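Below is one structure, written out as structure tokens; the observations come after it.
We use all heavy atoms of the structure for the numbers below, so side chains are in, but hydrogens, waters and symmetry mates are not. We count residues from 1, following the sequence as given. Keep in mind that what you see is a predicted model, and the values were worked out from it rather than measured.
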Amino acid sequence: MACGCLAGLFTGLSHAQGTHARDAGVFALPQRMLRPAAETEEGGLWSLMDREEAKLRRSRLVVRDEALGAYVRDIACRLGGEHCSDTRIYVVRSPYPNALMAPNGMMQVWSGLLLRASNEAQLAAVIGHELGHYLARHTLENQRDLKAKAAAATFAALFGAIGQLAQLGLLASMFSFNRDQERDADRMGIDLMAKAGYAPAESAAVWRNLLEEFKTNPDNKEGSGGSVLFATHPAPAERQETLMARAQGPLADISKDAQTHTQRYRTAMKQWRREFAKDDLELRRFAESESLYRRMIREDSEDADAYHFLAETLRTRARDGDAELALAQYEASAAKGGDFAERSRGHGLALRGLKRNADAVAQLRRYRELAPDAADAALIDAYILEMKS
Ligand SMILES: [Zn+2]
């Protein structure tokens, strides 16, 4: 998926050489890479990336949660075998669905991707794809292309210096692999995940889901560059088909008892999901968010958080009729057992907007019980007073 990211996925610059993985058999991991000598072109690229990685390590956008870090790293190790010890994975707090891989073994997994993956197999598909770029040394290949070189230099300068989300988006659109490299990475990724016991069809599902979300906003036109995700060359339908054909063809035998690990994924994301959804709301990409949360509800109609996320999206969008729509979703969240502070808060504010004061006061009081130290406590208390009078 991403290559520089999801963006790169869709870039179709020059059709370059990348032939590493395009033969018939199932992809086998190459030997571990030795660190290239400093005076070589590749060595220079590594040093550059090492410096950017040092900056990244200090960035406030890196999620410093050992359990989450270990979880994501374990997936990479299941896929990458002995290459695991040569790669470092950073979970980056950015609401865009993306992942990036640098040639020195530094990988970024963005929180927007973690929010969107339905299960561990889907995350493994993206990580496997990124590992593919690394194992096939696609960045070095690009370095030999002058045009790509300029882009890569900009990319390198931005890679670690991600103080702002806007920069992240820019970064994602700048560093891209070509179509052949993307196809190779897709193939390596799906093979690695199948061999690690993940259901390979989930790699196609990642594409299907992102495309569905992308298409809900009429401003998003494939090839328009209007979206970080589908910046340039889109052929997601083709990629879905290719991945599905591989899952059902050459990989069918080795993936008979393959898993999606949906519950394990849910558990690992539990602490973070609501935070990531809040980040997503700040982008104010309401059509995309609505589509995302409706998909979550479709996938699990008992998911109290998903109803809440959808309610928050609708309430924030605040078009005519959205308050009523949001209210119905808060109620659904509550009915599914969603008794948590943020749900009561949003629920109460939606009721307040609809002038249902008594119900609003009850919800906001529940919010204050559940979040006694909330940053907006004074404001909410004022609302409660005002509605009681
Ligand atoms: Zn890629």
Side-chain angles (χ1 to χ4, degrees), residues 1-11 18-30 72-84 86-87 89 97-103 105 107-110 113-114 116-139 141 176-211 229 235-236 238-252 254-255 258-261 265:
M1 312 347 27
C3 13
C5 52
L6 292 164
L9 279 183
F10 295 94
T11 17
T19 51
H20 309 275
R22 215 169 310 121
D23 33 25
V26 175
F27 175 68
L29 287 168
V72 177
R73 198 161 46 245
D74 275 357
I75 298 172
C77 290
R78 262 182 226 118
L79 298 166
E82 58 177 9
H83 292 276
C84 169
D86 300 327
T87 54
I89 305 192
N98 210 350
L100 310 168
M101 183 90 216
M107 188 189 296
Q108 297 184 7
V109 172
W110 291 7
L113 175 67
L114 297 179
R116 282 168 178 80
S118 310
N119 54 49
E120 191 176 304
Q122 290 185 9
L123 176 59
V126 179
I127 293 177
H129 173 101
E130 294 303 322
L131 280 173
H133 283 308
Y134 165 77
L135 295 170
R137 295 161 137 162
H138 283 159
T139 317
E141 216 169 81
S176 49
F177 297 108
N178 64 49
R179 288 177 75 179
D180 286 338
Q181 291 171 328
E182 287 305 317
R183 285 196 190 101
D184 282 352
D186 273 356
R187 202 201 115 184
M188 289 182 270
I190 192 174
D191 286 12
L192 291 176
M193 74 185 282
K195 287 204 288 187
Y198 291 112
E202 292 302 308
S203 65
V206 177
W207 281 108
R208 188 184 63 229
N209 293 342
L210 288 175
L211 186 62
L229 218 77
E238 176 214 302
R239 296 180 80 166
Q240 266 178 69
E241 279 166 29
T242 308
L243 287 165
M244 197 49 100
R246 190 152 184 87
Q248 294 170 343
L251 299 177
I254 60 169
S255 55
Q259 305 288 314
T260 59
H261 290 301
Y265 187 75

* Structure fact -> Distance col, row His138:NE2 vs Asp184:CG, nearest 0.5 angstrom, shows 4.5 Å
* Looking at OG of Ser203 and CZ of Arg208, how far apart are the two atoms once the value is rounded to the nearest 0.5 Å? -> 10.5 Å
* With the threshold set at 4.0 Å, does a side-chain nitrogen-carboxylate oxygen contact exist between Arg183 and Asp180? -> yes
* Asked: Taking the side chain as C-beta and beyond, is there a heavy-atom pair between His129 and Val206 under 4.5 Å?
  -> no
* Check ion pair Asp191-Lys195 (N to O, under 4.0 angstrom) -> no
* **Candidate pair Val109 and Leu114, rule side-chain contact (heavy atoms from CB on, under 4.5 Å), full reasoning** => CA-CA 8 Å; Val109 172; Leu114 297 179; 3.8 Å; yes
* With sequence neighbours excluded, what pairs up with Glu120 under the salt bridge (Lys or Arg N to Asp or Glu O under 4.0 Å) test? -> Arg78, Arg264
* Asked: Got a second to check how far Cys84's SG is from Leu131's CG, nearest 0.5 Å?
  -> 9.0 Å
* Asked: Where is the tightest heavy-atom contact between Gly128 and Leu79, given as atom of each residue plus distance?
  -> N-CD1, 3.7 Å
* Asked: Taking side chain as C-beta onward, heavy atoms only, is Asn209 less than 4.5 Å from Arg116?
  -> no
* Could you walk me through whether Ile75 and Leu123 pass the side-chain contact (heavy atoms from CB on, under 4.5 Å) check? -> CA-CA 8 Å; Ile75 298 172; Leu123 176 59; 3.7 Å; yes
* Structure fact -> Partner of Asn119 under side chain to side chain contact (heavy atoms under 4.5 Å, CB included), picked from Gln259, Glu202, His261, is Glu202
* Asked: Counting distance only, does the side-chain N/O of Tyr265 pair as donor-acceptor with the main-chain N or O of Ala121 below 3.5 Å?
  -> no
* Side chains of Met107 and His133: does their closest heavy-atom pair fall under 4.5 Å? -> no
* To do: Show the numbers, then the answer: is there a side-chain contact (heavy atoms from CB on, under 4.5 Å) between Glu130 and Gln108?
  => CA-CA 9 Å; Glu130 294 303 322; Gln108 297 184 7; over 6 Å; no
* If you take all heavy atoms of Gly25 and Arg246, which pair is closest and at what distance? -> O-NH2, 3.2 Å
* Side chain His83, main chain Pro30, donor-acceptor under 3.5 Å -> yes
* For Thr87 and Tyr134, work out which heavy atoms get closest and say how close. => CG2-CE2, 4.0 Å
* 4.5 Å side-chain heavy-atom contact, Phe27 and Ile190 -> no
* Structure fact -> Heavy-atom closest pair (Pro200 atom, Leu251 atom, distance to 0.1 Å) is CB-CD1, 4.1 Å
* **Residue pair Met244 / Ala204: nearest heavy atoms and the distance that separates them** => CE-CB, 4.1 Å
* Could you give the distance from CD1 (Ile127) to CD (Gln122), rounded to the nearest 0.5 Å? -> 12.5 Å
* Please report the C-alpha distance between Leu135 and Leu192 in whole Å, then the side-chain angles of each, then the deciding distance to 0.1 Å, and finally whether the side-chain contact (heavy atoms from CB on, under 4.5 Å) criterion is met. => CA-CA 12 Å; Leu135 295 170; Leu192 291 176; 4.3 Å; yes
